[in-house]
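Remember, it's 1-based here, ligands and their atoms both numbered in the order they're listed.
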Amino acid sequence: MCGIIGYVGPRQSQDILLAGLARLEYRGYDSAGIAVIDGDGGLGMRKRAGKLSVLRDDLASTPLADGTTGIGHTRWATHGGPTDANAHPHLADDDKLAVIHNGIIENFAELKSELMGEGVTFRSETDTEVAAAMIGREYARTGDLVSAFRAVVSRLDGAYTLLAMHKDHPGLVVGARRNSPLVIGLGEGENFLGSDVAAFVEHTRKALAIGQDEIVAITPGGVEVTDFSGAPVEVEAFEVTWDASAAEKGGWSSFMAKEVSEEPEAVANTLRGRIHEGRVEIPELDGMDEFLADIDRILVIACGTAAYAGMVGKYALETWTRVPVDVELAHEFRYRDPVLSPRTLVVSISQSGETMDTLMAVKYARARGAKTLSICNTQGATIPRESDAIVYTHAGPEVAVASTKAFVAQITALYLLALHVGRVRGAVDPVAAVEAVTELEAVPGKIARVLETEQTRIEQLAHWMADTRSVLFLGRNVGYPIALEGALKLKELAYIHAEGFAAGELKHGPIALIEPGQPVFVVVPSPRGSGEMHKKVVSNIEEIRARGARVIAIAEEGDVAVLPAADEVLRIPLAAPMFEPLLAVVPLHIFAMGLAEAKGLDVDQPRNLAKSVTVE
Ligand code: M6R
C-alpha cells in the first residue's frame with residue numbers, strides 16, 4: 001500500500017518520478033504527489049487527490065521547476081481521506097523539507113499532541129505529517145538529515161518506510177524502513193529508492209535490498225546504509241530477473257487481461273529447474289532434508305487469494321507428505337495462542353512478499369521456534385527475507401490488483417513442495433510421484449487450451465450477465481477453494497455479492513439463497529476414477545436447478561452426465577483430480593474480469609483496494 005520513489009542523479013527527475021509512480025500505482029491510487037529540489041535550490045511540490053493522471057495533467061499545465069533530486073508517492077489512504085491536503089509529500093521545517101511515507105505510525109496521536117504543545121500546526125490529518133514535523137524539528141537542531149532520521153525513528157511505533165529530502169541538500173535522499181518495503185536501485189552516476197524494483201527497473205536492474213530497521217542515504221555517487229543506531233550494515237545485492245517490458249501492458253486492454261494470458265507461462269516458469277529426470281528437487285531446499293524428514297506438522301499462512309492457493313495446497317501436501325496440514329488466515333493466526341514447535345514447518349504464501357498480516361505471522365511463528373518457508377513472487381521482498389527458506393514462484397511481475405497468474409504459480413509451487421517433501425520423507429509412492437510430475441508438466445498446455453477454447457464464450461456470458469446482482473460458486477474437495485477464489489474475484493472486480501460454498505454444505509443452509517434465476521457456478525469434479533464425488537456434485541446441481549438456479553458448470557471435456565443438469569457448460573481438459581484446480585480457476589478469472597469490464601469498471605485498479613496490503 002502506497003508506492004514510493006526517490007531519485008538522485010544528473011537527469012531531470014520529474015519524468016523519472018512520474019514514470020516510476022505509474023509502475024507503482026497498483027500499490028495505491030487515491031492520490032499522488034512529487035517534490036523536486038530545483039536547480040536554484042528551491043523545493044517545488046505538487047500533490048493531487050485522484051489517480052496519477054490527475055497529478056500528471058496538473059503538472060503538464062503548470063510544471064514545477066526542473067531539478068535532479070526528487071521524491072514521489074502514490075497513496076492508499078489510512079489516516080485521513082483521499083484529499084489534496086492528505087496526499088504526500090508533506091512539508092516541514094518552513095517547507096524546506098519534504099517527506100513521503102508508506103505504513104502506519106501507531107503512536108502518531110501522542111506525538112502530534114507533543115508537537116502541537118510546541119506550537120506546530122498541521123495542514124493534514126495524516127500520521128505522515130507528524131513524522132515530517134519531527135524530522136524537521138531534529139534537522140533544525142543539527143543540520144544533518146541522516147541523524148535527524150536516526151533520532152526520529154526510535155520514537156515511531158508501527159510500520160513505515162519514510163523518505164525525505166531537504167532543499168539545503170540537493171543530491172541527497174534519505175530513507176528508513178521498519179516492516180515496510182524499500183529497495184535501492186543502483187545506476188551509473190544516479191541512484192534510486194523504491195517500494196519495489198518496479199519503481200526503477202526501466203533504468204537499472206541492479207538492486208540492493210534494505211533490511212529491517214535500516215536507514216539509507218543515496219547520492220548520485222553512492223549509497224550508505226546504517227542500522228537505526230548508526231552502525232554500517234552489509235546489504236544484499238540482487239539482479240532483477242525481469243525487464244521493464246514485463247511490467248507493461250504490451251497491447252492488452254488491461255494488466256489483468258495480460259496476466260490471465262500469462263497463466264500458462266507462470267506455471268511453466270515455476271516448474272523450471274525444479275524437475276530432474278522426472279523427480280522434483282527444489283534446489284533452494286538443499287540442506288533441509290533432515291529437518292523436512294522430521295516435521296510433524298505443516299501450517300500454511302496467507303491472506304486472500306494466496307490463502308485459497310494454500311487451501312488447494314493442503315490436499316497435495318497431505319496426500320504426498322502424509323503430514324497433517326492446517327491452513328490459516330495470517331491475521332487470525334497470531335492473535336490466538338497457536339501451538340508451534342521446532343518440528344512445525346510454517347509455509348507462508350504471498351505474491352508481493354509484503355503483506356503485513358503475513359509478515360507479522362511469519363515473525364511470530366519464527367520467534368516461537370517454528371521453521372518458516374516463504375512461497376513468494378517478488379524478489380528481495382520482506383517476507384522471504386524474514387524466512388528460513390524461500391521458494392520463489394516465477395510468475396513475473398503481477399500489476400493488476402486481482403491476483404491471477406500468481407495464484408496458479410502458488411499452487412504449482414505448493415505441489416512441487418509437497419512432492420519434494422514427500423520424496424525426502426519417503427512418503428510418496430515413486431510411481432505416483434512420476435505421474436504427478438507428468439501431470440504438472442502438462443498443466444501449462446492445458447491452461448493455454450482453456451484460454452483458447454473458452455475465453456470468448458466466457459466473455460460473452462459475462463456480458464449477458466452484466467446486470468446480475470449476486471452469483472454463487474460451489475465446489476467440492478480441491479474444487480472448494482476454487483469456488484472461494486471465483487467469488488472473491490467477482491467481489492473485488494465487479495462489486496457484486498458473490499459467495500463460495502463447499503457443495504456438500506449446500507443443504508446445511510446456503511440452499512435457502514437459491515431463487516429462480518440465481519446464477520451458480522459449479523466446479524464439477526471428474527467422473528473418471530470412482531466418480532463418487534462427481535455423482536454427488538451432479539446431484540447438488542439437480543437440487544439447485546429444481547429450485548430455479550441457473551447453473552454454469554465447469555466440467556472436464558467429455559463429461560456428458562453434466563449436460564442435462566447444467567444451463568451452460570464450460571470445458572476444461574482432462575487432468576488427474578489434484579490438477580483440476582489449476583484449470584478450473586481459469587474460466588472464473590476470465591468471468592470476473594469480463595463482468596467487471598461489461599459494467600465499465602476498472603479491472604486493474606478496483607475501488608478501495610491496493611495490490612500489496614502493507615498495513616494491518
Ligand atoms: O501479496 P499477497 O499474495 O500476500 O496478497 C494477498 C492478498 O491481499 C491478495 O491475494 C488479494 O486477496 C488479491 N487482491 C486477490 O485477488
Side-chain angles (χ1 to χ4, degrees), residues 1-3 26-29 76 179-181 195-196 198 254-256 259-260 263 266 270 300-313 327-333 347-362 372 374-387 390-393 395-414 473 481-482 484-495 498 500 585-586 588-593 596 601-616:
M1 286 184 166
C2 300
Y26 69 92
R27 302 181 69 95
Y29 34 83
W76 186 88
N179 291 330
S180 224
S195 300
D196 64 51
S254 63
F255 279 107
M256 185 175 177
E259 287 157 12
V260 169
E263 289 188 9
T270 301
V300 180
I301 47 176
C303 300
T305 284
Y308 299 147
M311 287 172 71
V312 176
V327 183
E328 191 158 354
L329 293 170
H331 36 87
E332 289 297 317
F333 164 72
V347 177
S348 69
I349 310 170
S350 176
Q351 187 288 130
S352 61
E354 300 294 349
T355 299
M356 182 58 72
D357 294 311
T358 310
L359 171 63
M360 289 303 162
V362 167
T372 54
S374 151
I375 292 180
C376 181
N377 194 42
T378 309
Q379 280 174 289
T382 311
I383 295 172
R385 288 167 56 78
E386 293 287 331
S387 302
I390 311 166
V391 176
Y392 279 116
T393 48
E398 193 179 64
V399 177
V401 163
S403 191
T404 53
K405 64 175 178 172
F407 179 68
V408 289
Q410 286 161 349
I411 296 174
T412 305
L414 285 159
F473 293 80
I482 298 305
L484 298 176
E485 164 68 359
L488 175 63
K489 282 293 169 289
L490 210 50
K491 282 183 250 206
E492 75 175 324
L493 294 173
Y495 317 152
V585 76
V586 181
L588 299 183
H589 284 165
I590 301 169
F591 178 74
M593 178 171 67
L601 300 171
D602 182 340
V603 294
D604 286 339
Q605 297 180 341
R607 70 181 178 203
N608 303 338
L609 290 168
K611 182 70 178 162
S612 13
V613 183
T614 54
V615 292
E616 276 187 271

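- Nearest non-hydrogen protein atom to atom 8 (O) of ligand 1 is V613 CG2, 4.1 Å.
- With a 4.5 Å cut-off on side-chain heavy atoms, T393 and I375 count as touching.
- Every atom of ligand 1 with a heavy atom of G304 under 4.0 Å away is listed here by number and element: 12 (O).
- Side-chain contact between E485 and V312: absent, with no pair of heavy atoms (C-beta onward) separated by less than 4.5 Å.
- Annotation: side chain of F591 is in contact with side chain of L490 (closest heavy-atom distance under 4.5 Å).
- Partner of T305 under the side chain to side chain donor-acceptor pair (under 3.5 Å) criterion, chosen from Q410, Q351, K489: K489.
- Between the side chains of Y29 and D602, no donor N or O sits under 3.5 Å from an acceptor N or O.
- The shortest side-chain heavy-atom distance between S352 and K611 does not fall under the 4.5 Å cut-off.
- Ranking protein heavy atoms by distance to atom 1 (O) of ligand 1, first place goes to S352 OG, 2.7 Å.
- Residue-ligand proximity, S403 to ligand 1, at heavy-atom distances under 4.0 Å covers atoms 15 (C), 16 (O).
- Using a 4.5 Å cut-off on side-chain heavy atoms (C-beta onward), D196 and R27 make contact.
- In terms of protein heavy-atom proximity, atom 5 (O) of ligand 1 is closest to T355 OG1, 3.5 Å.
- Ligand 1 lies less than 4.0 angstrom from a heavy atom belonging to V401.
- Contact annotation: the side chain of T378 never approaches that of E354 to less than 4.5 Å [non-hydrogen atoms, C-beta and beyond].
- The protein non-hydrogen atom at the shortest distance from atom 3 (O) of ligand 1 is Q351 N, 2.6 Å.
- Contact analysis puts A402 in contact with ligand 1, with a non-hydrogen atom separation below 4.0 angstrom.
- Nearest-residue assignment for atom 10 (O) of ligand 1 (options L609, N377, T305; heavy-atom criterion): T305.
- Looking at heavy atoms from C-beta onward, V300 lies in side-chain contact with I349 at the 4.5 angstrom threshold.
- Summary of contacts: the protein heavy atom closest to atom 7 (C) of ligand 1 is C303 O, 3.6 Å.
- You'll find the side chain of S350 reaches within 4.5 Å of the side chain of I383, heavy atoms only.
- Below 4.0 Å from some heavy atom of A306 lie the following atoms of ligand 1, by number and element: 3 (O), 10 (O).
- Contacts between E354 and ligand 1, counted as non-hydrogen atom pairs separated by less than 4.0 Å, are absent for every part of the residue.
- For E492, every heavy-atom contact with ligand 1 shorter than 4.0 Å involves the side chain, none the backbone.
- Interface atoms of ligand 1 facing K489, defined by a heavy-atom separation under 4.0 Å, are 15 (C), 16 (O).
- Residue contact check: S350 has heavy atoms under 4.0 Å from atoms 1 (O), 2 (P), 3 (O), 4 (O) of ligand 1.
- For K611, the heavy-atom gap to ligand 1 stays at 4.0 angstrom or more.
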